[in-house]
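Quick notes on the structure that follows.
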Amino acid sequence: MAQSQGHRPAPPVPEAQVLRGAAVRRWIALAEIVADQTRDLVDVLNVFPVPDADTGTNVLLTLRSASDALHRLGRAADAAQVARAAADGAVRGARGNSGLLVSQALAAFADVCADTPDPNGLRPVELVHAYEAMADTTWAAVSRPVTGTLLSVARDAATAARAALEEATASSPATLSAIAAAAAFGSQESVVETAGLGHGPVDAGGAAFMLLLTCLSDTIDAIQDAGSGADEAPELRQGHRDADEHAPYTAVARQMLADLAEGGVPHGVGPDPLGMSTGEFEVMYLLEATAVQAGQLRRDLEHIGDSVGVVGTPDALGVGLYQVHVHTDTPRAVLPRVGRARQICIHHLHPTALVTSTDEPPSPWGPIGSDPTGHVVSFERLAARRAERKAKSVRMHPSQASALRPAPAEGQRLTKRSRQAGVGVIACTRAPGLIEQLARSDAAVVLHPDREGIARAAADLGSSQVIVLPCDAACTEAAHDAARFLAARSAVSTVRPPVGASRGAGGSARETAQAGTQSGRQSSQGIQLLVCDTDDEARVLAATVALAGRSEDAELADLARRAWSSAAGLRTFALNGAQADADAVARAVAAALRPSDELLTVIIGRNAGRDVGALAASAAVGVRGQVVGEDVEVAVHAGGQERPDVLIAIE
């Protein structure tokens, strides 16, 4: 019987030339292991856009969130489902500028997987499309793209992958292995080319992304070497030698980075490179919003900050979860006016003196009587006066007085991330007007705290011990929930290295690279949260000031006692409604002040009158019968909290 002369179906693609769900899952697992091992090395390379030495940590936390999302996904999921789950997890857990771009790249990879004719996996040509989508979307995700960074590495990898596809012949066809290897080598060459551009030895974000792409190449080779299926590939473990055995290209890339770090200056000197962030604060949060709202937010943020990123993928109805990142001098201005924001975390990026020697700023409410300062004491001067008062007190030994923090030299850069050493501090608040003051004390600030926000801030700090300063009863409960969550997570996620594995010997850069394994393993053993007995914003402020001058070797118990002592020394009362009227507040202050009191703090809510602070200070003067001056200090903060309308604290 003659065969039909019509169109014949295309021959099926060999099983080995389809990147399936199990392979994508293994890729993310390997990438997390490598990010853990190279965390300290990439941190050392970090100069751009802020020299805060946290790029390796941020990428690790982002990939760990992607990996956690895959643990909750069934093993039978196809490539499109696995890629989408990893991308969604990365977006939810993205940290820093580099983590945001990595999550954007994974989201682009997931989009390509979803658009393929066969959702079960990617063929070689579609893998090239994935590299190109990652390059395009990461470039578009940055408000002011800068060459010689992760963006250039992604673009060069895509260019190399496209060239490998176009140069394929019938005798030497394009395979998944060839495409992935070309992209990996292209990214490695691109990383080397970032040297000398003012980003340190090489760009840290580009280095982390190069390792991610090299892990994909090693994953494809390991699966093809296993034979018939991805499930037969050797199981990955967290051990140093294990990863090197099953990821040879990645091991070479790691050594290349170590050699570059050893031969270069970790933190460049001279003028800042184009695009260097100048924002004083880093603000990150999750936003539930429509695609239109997210797009408008990004355009607004570009006018008030840099390193702007709004990354997420909307659903069929145009609603999605977006990760927002920005460096800015005005953190309150970057909070969204539409949509629902959560896990709002603020970090202080640049080292500044909490205690300054400048003159007292004028009162925003104008002078009171004949006193030109208006009796309003700035947060920084308040810290200085407290320290001076403690040092002069006959009831305290001089060794117990908290030392003042010296002002940094002009243009000083961070040589290592300060929140990586010692005990970390999380200051919780529902008052947007306090976030700048709290963040300048070297605390991670969580606005409108919940369990997830506190747990996220604890991971960001990079410390194994963290003090949490809650602002109310609900926040205290959330902090204890976060402590239980982190303890449970460490109990199930701790992974031991293979018996007999050692760190080996080598040069200083090599030891730096391998030290990441130990630090990552230590962090996986859990974060100890100690929840203090602060129950309002005034006590959080007092405890934060008390902990601001802590040394890196200070003990957790000593810091907890210091925070408790500062908070317990306050008498606080909240006023709402008619009780928060300016005259009523003045009468309450006059009735509450005692002859021995030295400090009056007034935190004003969003619904309080503008003259509350001025009349409260005037009442403090009247009850003493003299100008406040040296005897009574008045600190007025426009907190902007929903409740209470006015919070008074006296000590």
Side-chain angles (χ1 to χ4, degrees), residues 54 57-58 60-62 64-69 71-72 89-96 99 282-288 321 323-324 340-347 419-420 422-431 434-435 438-439 441-494 520 522-537 539-540 543-544 547 556-557 559-560 563-564 567:
D54 65 353
T57 300
N58 289 337
L60 169 61
L61 293 174
T62 302
R64 183 170 292 165
S65 182
S67 181
D68 288 346
H71 289 317
R72 298 187 290 270
V91 169
R92 287 194 300 271
R95 303 295 205 278
E282 178 186 53
V283 182
M284 293 196 73
Y285 55 86
L286 289 176
L287 176 68
E288 296 177 10
L321 183 66
Q323 183 72 250
V324 181
R340 176 174 177 261
R342 51 192 175 91
Q343 297 185 28
I344 306 173
C345 297
I346 301 96
H347 293 281
R419 58 180 183 267
Q420 202 171 25
V423 178
V425 175
I426 297 175
C428 301
T429 181
R430 302 191 192 279
L434 299 181
I435 57 180
L438 293 171
S441 69
D442 199 28
V445 182
V446 179
L447 181 62
H448 305 310
D450 57 11
R451 186 194 78 166
E452 289 74 18
I454 294 172
R456 171 177 181 157
D460 288 350
L461 285 168
S463 301
S464 60
Q465 296 179 320
V466 177
I467 292 177
V468 182
L469 305 174
C471 56
D472 53 33
C475 179
T476 300
E477 181 179 356
H480 285 294
D481 285 346
R484 289 189 289 268
F485 168 76
L486 291 172
R489 175 190 175 94
S490 67
V492 299
S493 65
T494 301
Q522 179 180 1
S523 66
S524 70
Q525 292 177 355
I527 301 173
Q528 178 186 359
L529 292 189
L530 191 152
V531 184
C532 286
D533 293 330
T534 52
D535 57 4
D536 58 39
E537 322 292 304
R539 288 191 169 90
V540 172
T544 304
L547 298 177
L556 177 66
L559 294 176
W564 174 85

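One is the number of the first residue; the rest follow in order along the sequence. Quantities reported herein were computed from a predicted structural model and do not represent experimental measurements.
Considering only heavy atoms from C-beta on, P449 stays 4.5 Å or farther from P470 through its side chain. Side chains of L321 and L286 form a contact here, defined as non-hydrogen atoms less than 4.5 Å apart. Contact check for Q323 versus T62: no side-chain heavy atoms found under the 4.5 Å cut-off.
For A439, the side-chain contact (heavy atoms from CB on, under 4.5 Å) partners are F281, I346, H348, V445, not counting sequence neighbours. Taking L556 as the reference, V423, Q465, I467, Q528, L530 meet the side-chain contact (heavy atoms from CB on, under 4.5 Å) condition, with sequence neighbours excluded. With sequence neighbours excluded, no residue satisfies salt bridge (charged side-chain N to carboxylate O under 4.0 Å, His left out) with D450. Evaluation of the side-chain contact (heavy atoms from CB on, under 4.5 Å) rule for A479 yields I454, V468, V531 as partners, not counting sequence neighbours. Taking R95 as the reference, D460 meet the side-chain hydrogen bond (donor to acceptor under 3.5 Å, both in side chains) condition, with sequence neighbours excluded. Judged as a side-chain hydrogen bond (donor to acceptor under 3.5 Å, both in side chains), and not counting sequence neighbours, the contacts of S67 are E32. For R72, there are no salt bridge (charged side-chain N to carboxylate O under 4.0 Å, His left out) partners, not counting sequence neighbours. T429 pairs by the side-chain hydrogen bond (donor to acceptor under 3.5 Å, both in side chains) definition with E537, not counting sequence neighbours.
Shortest non-hydrogen contact noted between A69 and R92 is CB-NH2, 4.0 Å. Heavy-atom minimum distance, G96 versus N58: CA-ND2, 3.6 Å. Summarising the geometry of A427 relative to V540, their closest heavy-atom pair is CB-CG1, 4.1 Å, with the distance given to 0.1 Å. Closest approach of C345 and A457 over heavy atoms only: SG-CB, 4.2 Å. Between A458 and L529 the shortest heavy-atom distance is CB-CD2, 3.9 Å. Between V425 and V466, the shortest heavy-atom contact is N-CG1, 4.5 Å.
The line from CD1 of I527 to CG of L486 is 5.5 Å long, rounded to the nearest 0.5 Å. How far CG of D536 is from SG of C471: 9.0 Å, rounded to the nearest 0.5 Å. Rounding to the nearest 0.5 Å places CG of D442 at 8.5 Å from CG of L461. Of the inter-residue distances, the one linking Q343 atom CD with R451 atom CZ reads 10.0 Å to the nearest 0.5 angstrom. A distance of 8.5 Å separates CD1 of I344 from CD1 of I435, quoted to the nearest 0.5 Å. Atom-to-atom distance recorded for L469:CG and R539:CZ is 12.5 Å, nearest 0.5 angstrom.
Counting only residues at least two apart or on different chains, the salt bridge (Lys or Arg N to Asp or Glu O under 4.0 Å) pairs with a member in residues 461-482 are R430-D472, D481-R484.
Remark: the backbone N or O of G422 is paired with a side-chain donor or acceptor of S463 at under 3.5 angstrom.
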